[in-house]
Amino acid sequence: MEDFIAAILSAAGGVVLGPILTRLAGASATGGLLGGIIGGLAAHYGLDAANIQVLGDGADSVLAPINVINNLLEGALGGGILGLLGGVLMRPKR
């Protein structure tokens, strides 16, 4: 259950930052949203596999404030990057 909470928090971080960056770039919001979700999850699992913490070592509980912020930042990092790329690729033709 704790793995699902961390994954949901990472996806939420990507959902927030992915569309914001795509709208600033003038790209598709749908691509930013989908890229934000996928990028947030990918960054979470990738950083977890590499045993890298964005803010350093946190507490044992997933719901500890440092771990919640860490999961949100991981998702925002990956979701922002992949959301921006997805939004640019899905940009409407002009």
Side-chain angles (χ1 to χ4, degrees):
M1 183 66 178
E2 291 181 0
D3 292 334
F4 292 123
I5 293 172
I8 290 170
L9 287 172
S10 294
V15 164
V16 170
L17 194 60
I20 290 173
L21 290 179
T22 57
R23 294 313 290 168
L24 289 175
S28 168
T30 305
L33 184 65
L34 293 175
I37 293 170
I38 295 169
L41 289 173
H44 170 71
Y45 286 116
L47 290 173
D48 190 39
N51 200 17
I52 297 173
Q53 298 288 323
V54 175
L55 296 177
D57 292 332
D60 292 334
S61 174
V62 172
L63 295 176
I66 191 73
N67 288 337
V68 170
I69 294 169
N70 193 22
N71 288 326
L72 287 171
L73 287 176
E74 286 175 355
L77 175 73
I81 293 170
L82 197 61
L84 184 61
L85 291 175
V88 169
L89 291 176
M90 294 179 66
R91 183 181 304 185
K93 303 268 187 213
R94 293 183 183 173

Legend entry - G87 versus A27, closest heavy-atom pair with distance: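 Between these two residues, the closest heavy atoms are O-CB, 3.1 Å.
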Legend entry - Any pair counted as side-chain hydrogen bond (donor to acceptor under 3.5 Å, both in side chains), so long as it reaches residues 13-23, sequence neighbours left out: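 Qualifying pairs, neighbours excluded: none.
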Legend entry - Counterpart residues, side-chain contact (heavy atoms from CB on, under 4.5 Å), relative to L17 (two or more places apart):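 Partners of L17 under the side-chain contact (heavy atoms from CB on, under 4.5 Å) test: L21, A76.
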Legend entry - Which residues share a side-chain contact (heavy atoms from CB on, under 4.5 Å) with I69, sequence neighbours left out: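 Expected list: L55, L73.
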Side-chain polar contacts of residues 33-52 - donor-acceptor pairs under 3.5 angstrom, sequence neighbours left out - could you list them?
residue	atom	partner	partner atom	Å
H44	ND1	S10	OG	3.3
H44	ND1	E74	OE1	3.0

Inset, instruction - Identify which one of I66, N71, L72 satisfies the side-chain contact (heavy atoms from CB on, under 4.5 Å) criterion when paired with V68. - result: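 Of the listed residues I66, N71, L72, the side-chain contact (heavy atoms from CB on, under 4.5 Å) partner of V68 is L72.
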Legend entry - Sub-4.5 Å side-chain heavy-atom contact between I5 and L9: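 The answer is yes, as the side chains (C-beta and beyond) meet within the 4.5 Å cut-off.
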